[in-house]
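Here's the structure we're looking at; comments come further down.
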Amino acid sequence: MMNMEGKRELSVVIDGKVYRLSGGSDSYLQKLAFYVDGKISELKTQAGYNKLSTEYRDILLALTIAEEVFKLKEEIEVFNQDSRDREQELYELKQEVVDKKLQIDTANKLVEDYKTKVNELQKRMIGLETNHEFR
């Protein structure tokens, strides 16, 4: 259904009343309405809820949802901190790998240098032995 501004509207039921919503996809608005309706149903099970004025019921609903939002924000912050910690650990591990690779490259270079020196010494020894035989 379209409203006067040409925006699409969706009828939803919240707490037994029909409301017309617009501003999002039908499935998204339906999820929001279902969520709020579920929160109201939960609150109705609390003792004394039905004796509260509509204003207090609305405030209680808002506080209940706000509490969930704050808990989720805290969980997200903990998750983000864990993620930052893991990134730091990964960075440090990568640095260790780079350091070890440099050590291995240095060791391999030394081995090559020693092989070259050994070959040169062997050639000199052969040369000395050959010169010694001809004397």
Item to check | Side chain proximity check, L21 to E9, heavy atoms < 4.5 angstrom | outcome: no
Item to check | Q95, CD atom: more than 12 neighbouring heavy atoms under 6.0 Å | outcome: yes
Checklist entry - Pairs in or reaching into residues 39-53: which pass salt bridge (Lys or Arg N to Asp or Glu O under 4.0 Å), with residues at least two apart or in two chains? => result D15-K44, K39-E42, K39-E68
Item to check | Rounded distance [0.5 Å steps], OG in S22 versus CG in L29 | outcome: 7.5 Å
Checklist entry - With D26, which residues qualify under salt bridge (charged side-chain N to carboxylate O under 4.0 Å, His left out), at least two apart? => result R8
Item to check | Interatomic distance, Q88 atom CD to S83 atom OG [nearest 0.5 angstrom] | outcome: 12.0 Å
Checklist outcome for this item: So the side chain to side chain donor-acceptor pair (under 3.5 Å) pairs with at least one residue in residues 109-124 (sequence neighbours excluded) are K109-D113
Checklist entry - Do L10 and R20 have side chains that get closer than 4.5 Å, going by heavy atoms? => result no
Checklist entry - Charged N to carboxylate O under 4.0 angstrom, E67 versus K71? => result yes
Item to check | Beyond-backbone contact of I40 with I14, side-chain heavy atoms, under 4.5 angstrom | outcome: yes
Checklist entry - What residues, two or more places apart in sequence or in another chain, satisfy side-chain contact (heavy atoms from CB on, under 4.5 Å) together with E96? => result L93
Next on the checklist: Test of understanding: clusters of I, L, V, M, F, W, Y form through side-chain heavy atoms closer than 4.5 Å, transitively. Do V13 and L61 belong to the same one?
Outcome noted: no
Enumerate donor-acceptor pairs with a distance under 3.5 Å from any side-chain N or O in residues 99-108 to protein atoms, sequence neighbours excluded.
residue: K101; atom: NZ; partner: D105; partner atom: OD2; Å: 3.3
residue: T106; atom: OG1; partner: L102; partner atom: O; Å: 2.8
residue: N108; atom: ND2; partner: I104; partner atom: O; Å: 3.4

Checklist entry - Is the charged tip of K94 near the ring of Y91: under 6.0 Å from the six-membered ring centre and within 45° of its axis? => result no
Checklist entry - Mind checking whether Y56 and L43 sit in one hydrophobic cluster, side chains of I, L, V, M, F, W, Y counted as touching below 4.5 Å? => result yes
Next on the checklist: Could you tell me if the side chain of R57 sits less than 4.5 Å from the side chain of N50, heavy atoms only?
Outcome noted: yes
Checklist entry - Is there a donor-acceptor pair closer than 3.5 Å between any side-chain N or O of T64 and the backbone N or O of L60? => result yes
Checklist entry - Is there a chain of hydrophobic side chains (I, L, V, M, F, W, Y, each step under 4.5 Å between heavy atoms) that links I59 to Y49? => result no
Item to check | 4.5 Å side-chain heavy-atom contact, D37 and F34 | outcome: no
Checklist entry - Do any pairs count as a salt bridge (Lys or Arg N to Asp or Glu O under 4.0 Å) and have a residue in residues 78-90, sequence neighbours left out, and if so which ones? => result E77-R84
